[in-house]
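Written below as structure tokens is the structure these notes are about.
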Amino acid sequence: MTGSFRVQLVNMGTRGAAFQAKLRSLHEYHRLLSNQMPAPSGSDIANTIKYFSQTLLTVLKDVPCSPLEIIKDPSLDQVRMASYPNLEYQNLYNALTMLLDVASNIQNGLSLFGKALLQCLGCILPFLDKDLIDNLPYLTASSISVLPASLHQDIINYLCYYILPFTITRQSDEDQECHACQSISAVIMLVFQYSNNPAHHCQLLESLMRLKHNVVKDLLCVIAYGTSGSRASAAKLLFYYWPAFDPNLFDRKGLLCKFTNNLVPFVCQRESCPNAGNAEAVKVCYDHCISILYAVDSPPPLYLCIECANEIHRDHPDLLFGDILHPMQQVSMICENKNCRSTDKSAISICFSNECASYNGNHPIRYCTQCHNNRHNSRRGVDHVFHRSLPNNAQMDAEMQAYLVEAVISLLREAKPLNLDFGKDFCNDAKNNSTNGAQDMLTLDDRQLLGRYGIWLLVGRCKPTADTPPEILGRLLSMLFHWFHVTAYSYDGQVESTLEKLKQDHVCGWLKDVCDSHYKEFIDCLLPHPPEFSRVGGHWDTLASRTSHLKEGLQRLICLIPYEIITQKIYDTVMPHYMEAVTNDVPEKELMELKIVLSKILDPEMSPLGFDAKAMYNFVIIRFEKTTAKVQEQALHWLQNLTKLEILIPLVQLFNMFGDGVRIMKHGMQAELNKDKESRSSGTKQAKEKELPLPRRSSISPVVEDDSANTSAISDDEAPISRHTEFSSDAEHNLTCCILMLDILLKQMELQEIEQHTGIYTNVSESICRLLKCMVTAAKVGLGNHICSSKECGYCEASVMWHQLSTKLVQYLAPLNPVRPPDAPLPEIIDDEKIARKSPPESDKENKIRDRDVSLSMAPLPIPLGPLGPVPVAVPQPEPHSVGGVLVHMPHVCSVNPVKSFFHHFVVNGFERSFFKQSLEDHDSYCRNSVRAVGFSGNNAIRENSDSSCAIGYTIRSRRCNRYSTNCKAYRD
């Protein structure tokens, strides 16, 4: 054993013991910083860390092979690690990581600690194994969150010049990106979040663009999932550096502001540089021995100015020096090739290779399409790192496509104004973000304008095709509708004009194209219960009640109306779902919260739709045309809710709707369908014979909310409210519809202040009389073949309710003091009582006849004289539909029984005598079959409800009635 070798062994043993002792010191510092007070100073910790940096550089100096050359090849990691002495490099890395975690507890000397830490991280890189090398970029970037702002430039420099060039350029065994490359998005987010200097952002991004392909994917990932501050910087730099993908989409001149005004140049690292601190580094030497020789305290490689590089080259002529790319001075929109001969000089790519940059003064160069193809093809420029404009969504891989979609959603979500409160969650998020960095405190205008980048990405790169998945399109549409909502509340000024111009020029056309090609997905995003994947943005990001969800959904609909996106077809499709959701999901106490938003849509004076009243309520009108009673009942509940909210519905539309609905009840829907079918048939007998009878069903089915299998409830606060009905037959449903119609009419007349007691000769009175007449024959109230199944019959209660509402409607119109009031009803004579009826004397009969004749001709009539004497004058007879003309000749109708009540209620409305004759046949059959009729017992009274609501309580009893045949026969005689 030679003496020199013995000395080396002794030195190695001594170095190893000292290395372990210093490691114990670092662990002790960590313990003291975590638990003990006072904490150690940063200068003490920095001195210990400097020892490790010097030790590592000394060890590295004795290594014969260049570790910086072989570190880029992961297959040579074992060879690289075998060339170093066996020291506890991994324990040192772990100790530095633990100290960084508790660095915030250092009370003084934090800057010294930070500088020593960064230096040691740069020196330890060649001694780490594969896993720790992949983690080193993120560890270095995370130091920016705890070290002072004065060291941010040093952190960026160590990342760009000492760590990233030797970590993200490593390729895995399967020729895929290493784990260090996959952490680049996190590195970008940390720097963008905690550094307020845009020059730092540009320096880091240009360094990454020089070393790595497809940096745009990492940038989109930051925009999609990063913090608010990092998202804002990433979006700006995406449109700043990358060539425009659509020159006609936006004016790029407004984006070409200089971000590098405050950029500090990276100076020469040679200790004996004649221009120390002022000369910018332009050359790099990768020889670790030369680097340690001329820069004792700096990790390799060595960055030199031109003078120092020439001087060292004279002393070491065999050394090779590489060129350093300078920062981009300006972002050009046209080709920067001086020999470009293309007619279209629009820049479509930017190259960061040294070969192409040499033509542009060692600055990255932009190429047009022709120059790019000449410089980068299969024979030339294969290894160049260049970046083209952002491709279309369909041309991206699945991962990048997901990043793009989420980036658009995140940018549009940033446009949310601070004064529009969708819930408490957003306020909490704003408070949390404000503590993470000053960049999060964006002004309202900045947040509004940040949505522009999302719109440009959406319109320019997310053009839908036939193969676009519904999930992607649904999320984009839903977020875009939310953006329309929040930007509708922007302040007046330049911001509002910019956003409105953007909507008119690009967004509306994109939406109309989507509506034409993907109509179903477009409608699904507008519904109150959209699919799960479409529930993004605004109220969907908060814990809100069902009422709040519906309210915000209607607000979105209103904000789309001024841009002519909501057509009549879309409106008629969407509104029934909202009205049914209001009926099912909104509790009675919260219904008034929807008054304003529904008034904006359905009030003829407030609505921005631009439709007339008929088109505005067309989605309700069509549900009374050839539809079943269930469909009509559903639409009547909608109208009833609108009436509760005091929304005025034109009476003309109500009468038309109700008239169509009652006519279908009266004649049957099948008859109407057959009538239409006969009118459209060709008339040939053979064709008619082959025709099958149409099923008794409506072309419009009841709206069913939340019937999709992949759609859950709006929120989890309560289950949807379901309406249960005890009626099953058509007659029972018809009666329910008639009750709802009368209830809505009464309330609407009160809301619209229709004058009361105007008589039966107004348009409103005539429409009501016509409607009531059709209801009697359609619903057959009291004339049907109903048999009670229990003591408290729901159908009988509904019949009484209909009579009560009809009475109130008649009282509303009937004059208070009629000129010819009806006669008082005569006492009823019942055969069952077997009371002998005595005939009045003949003199009494003559007196009654004389009295009645006098009463009919009390008015003095002038007798005109003709050439032959007096002309006979026709005695005025009462009108057939008047009170005097009907009740006087029908004393038996005015008896105290349900049928009396039935006729008495409607005679005063001016019905024609023909109506009674028409109804008499049904009534006669009804009496012959001894069907149960509705009767009132002496101790049960009708309790009227003053607000005409349908919630009227009745207690009724039914009893057999077989005494009407005599009355009917007398009337027929």
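Predicted, not measured: the structure shown is a model, and the values here were computed from it. Index from 1, following the sequence.
Between the side chain of Gln555 and the backbone N or O of Val597 there is no donor-acceptor pair closer than 3.5 Å. Not a single donor-acceptor pair under 3.5 Å links the side chain of Gln804 to the backbone N or O of Ser799. Of the possible donor and acceptor atoms, none in the side chain of Glu552 sits under 3.5 Å from a partner among the backbone N and O of Thr547. Between the Thr807 side chain and the His803 main chain, a donor and an acceptor come within less than 3.5 Å of each other. Formation of a donor-acceptor pair under 3.5 Å by the His757 side chain with backbone atoms of Ala814 is found in this model. The main-chain N or O of Leu639 is found under 3.5 Å from a side-chain atom of Thr643 such that the two form a donor-acceptor pair.
Residues Asn584 and Glu580 are in side-chain contact: their nearest non-hydrogen atoms beyond the backbone lie under 4.5 Å apart. Residues Gln632 and Met741 are in side-chain contact: their nearest non-hydrogen atoms beyond the backbone lie under 4.5 Å apart. By the 4.5 Å heavy-atom criterion applied to side chains, Glu564 and Cys508 are not counted as neighbours. Contact check for Ser534 versus Arg475: no side-chain heavy atoms found under the 4.5 Å cut-off. A heavy-atom distance below 4.5 Å is not found between the side chains of Glu521 and Thr468. Annotation: side chain of Leu809 is in contact with side chain of Ile768 (closest heavy-atom distance under 4.5 Å). Looking only at side-chain heavy atoms (C-beta outward), Ile760 and Leu813 stay at 4.5 Å or farther from each other. Within the 4.5 Å cutoff, the side chain of Ile455 has heavy atoms near those of the Leu480 side chain.
The OH atom of Tyr812 sits 6.5 Å away from atom CD1 of Ile754, with the distance rounded to the nearest 0.5 Å. Distance CD1/Ile621 to CG/Asp660: 8.5 Å, rounded to 0.5 Å. Atom CD of Glu750 and atom CD of Gln748 lie 10.0 Å apart (nearest 0.5 Å). With values rounded to the nearest 0.5 angstrom, Gln504 atom CD is found 12.0 Å from Leu499 atom CG. Taking CG of Leu550 as the start and CD of Glu590 as the end, the distance is 10.0 Å to the nearest 0.5 Å. Note that OG1 of Thr573 and CG of Leu526 are 10.0 Å apart. Values are rounded to the nearest 0.5 Å.
Residues meeting the salt bridge (Lys or Arg N to Asp or Glu O under 4.0 Å) test with Lys503, sequence neighbours left out: Glu500. Residues satisfying the side-chain hydrogen bond (donor to acceptor under 3.5 Å, both in side chains) criterion with Glu593, sequence neighbours excluded, are absent altogether. In this view, Pro469 and Glu471, Ile472 satisfy the side chain to side chain contact (heavy atoms under 4.5 Å, CB included) rule, not counting sequence neighbours. Looking at residues two or more places apart in sequence or on another chain, you find a side chain to side chain contact (heavy atoms under 4.5 Å, CB included) between Asp612 and Lys614, Ala615. The side chain to side chain contact (heavy atoms under 4.5 Å, CB included) test applied to Cys774 returns Val662, not counting sequence neighbours. Scored by the side-chain hydrogen bond (donor to acceptor under 3.5 Å, both in side chains) test, Lys512 finds no partners at all (sequence neighbours excluded). With sequence neighbours excluded, the residues forming a side-chain hydrogen bond (donor to acceptor under 3.5 Å, both in side chains) with Thr762 are Ser765, listed by chain and number. Judged as a side chain to side chain contact (heavy atoms under 4.5 Å, CB included), and not counting sequence neighbours, the contacts of Lys595 are Met592, Ser599, Leu645, Glu646. Residues passing the salt bridge (Lys or Arg N to Asp or Glu O under 4.0 Å) test with Lys589: none are found, sequence neighbours excluded. For Gln568, the side-chain hydrogen bond (donor to acceptor under 3.5 Å, both in side chains) test picks out Asp572, with sequence neighbours left out. Judged as a salt bridge (Lys or Arg N to Asp or Glu O under 4.0 Å), and not counting sequence neighbours, Arg556 has no contacts.
When ring centroids are compared, Tyr617 and Phe624 stay outside the 6.0 Å threshold. Aromatic rings of His482 and Trp540 (six-membered ring for Trp) have centroids beyond the 6.0 Å cut-off, not under it.
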Intermediate values then yes/no, side-chain contact (heavy atoms from CB on, under 4.5 Å), Leu598 and Asn641: CA-CA 10 Å; Leu598 286 175; Asn641 285 331; over 6 Å; no

Residues Trp638, Val582; criterion side-chain contact (heavy atoms from CB on, under 4.5 Å); working and verdict: CA-CA 8 Å; Trp638 304 346; Val582 171; over 6 Å; no

Stepwise side-chain contact (heavy atoms from CB on, under 4.5 Å) test for Arg770 and Phe655: CA-CA 10 Å; Arg770 191 179 304 111; Phe655 286 128; over 6 Å; no

CA sep, side-chain torsions, deciding dist, call: Tyr578, Tyr571, ring-ring contact (aromatic ring centres under 6.0 Å, His included): CA-CA 11 Å; Tyr578 273 102; Tyr571 177 79; over 10 Å; no

Thr583 and Gln640: CA distance, side-chain angles, deciding distance, side-chain contact (heavy atoms from CB on, under 4.5 Å) verdict: CA-CA 9 Å; Thr583 303; Gln640 193 176 44; over 6 Å; no

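Residue pairs meeting the salt bridge (Lys or Arg N to Asp or Glu O under 4.0 Å) criterion with at least one partner in residues 755-766, sequence neighbours excluded, are absent.
Evaluated for a side-chain contact (heavy atoms from CB on, under 4.5 Å) with Phe481, the options Leu560, Leu557, Val536, Leu476 yield exactly one hit, Leu560.
For the pair Glu588 and Lys644, the salt-bridge criterion is met [side-chain N within less than 4.0 Å of a carboxylate O]. The pair Asp541-Arg535 does not meet the salt-bridge criterion, since no charged nitrogen lies less than 4.0 angstrom from a carboxylate oxygen.
Contact record, His539 with Thr542: O-OG1, 3.1 Å, taken as the closest heavy-atom pair. Closest approach of Ala798 to Ile739, counting heavy atoms only: O-CD1, 3.2 Å. Closest heavy-atom contact between Cys559 and Phe484: CB-O, 3.9 Å. When every heavy atom of Gly474 is checked against every heavy atom of Cys525, the shortest pair comes out as O-SG, 3.4 Å. Closest heavy-atom contact between Met775 and Trp802: SD-NE1, 3.6 Å. Shown here for Ala415 and Val486, the closest heavy-atom pair between the two residues is O-CG2, 3.8 Å.
No more than 12 heavy-atom neighbours from other residues, nucleotides or ligands sit within 6.0 angstrom of CD1 on Ile596. Atom CG of Asn763 has 12 or fewer neighbouring heavy atoms from other residues, nucleotides or ligands inside a 6.0 Å radius.
Under 3.5 Å, the side chains of Asp585 and His529 contain a donor-acceptor pair of N or O atoms.
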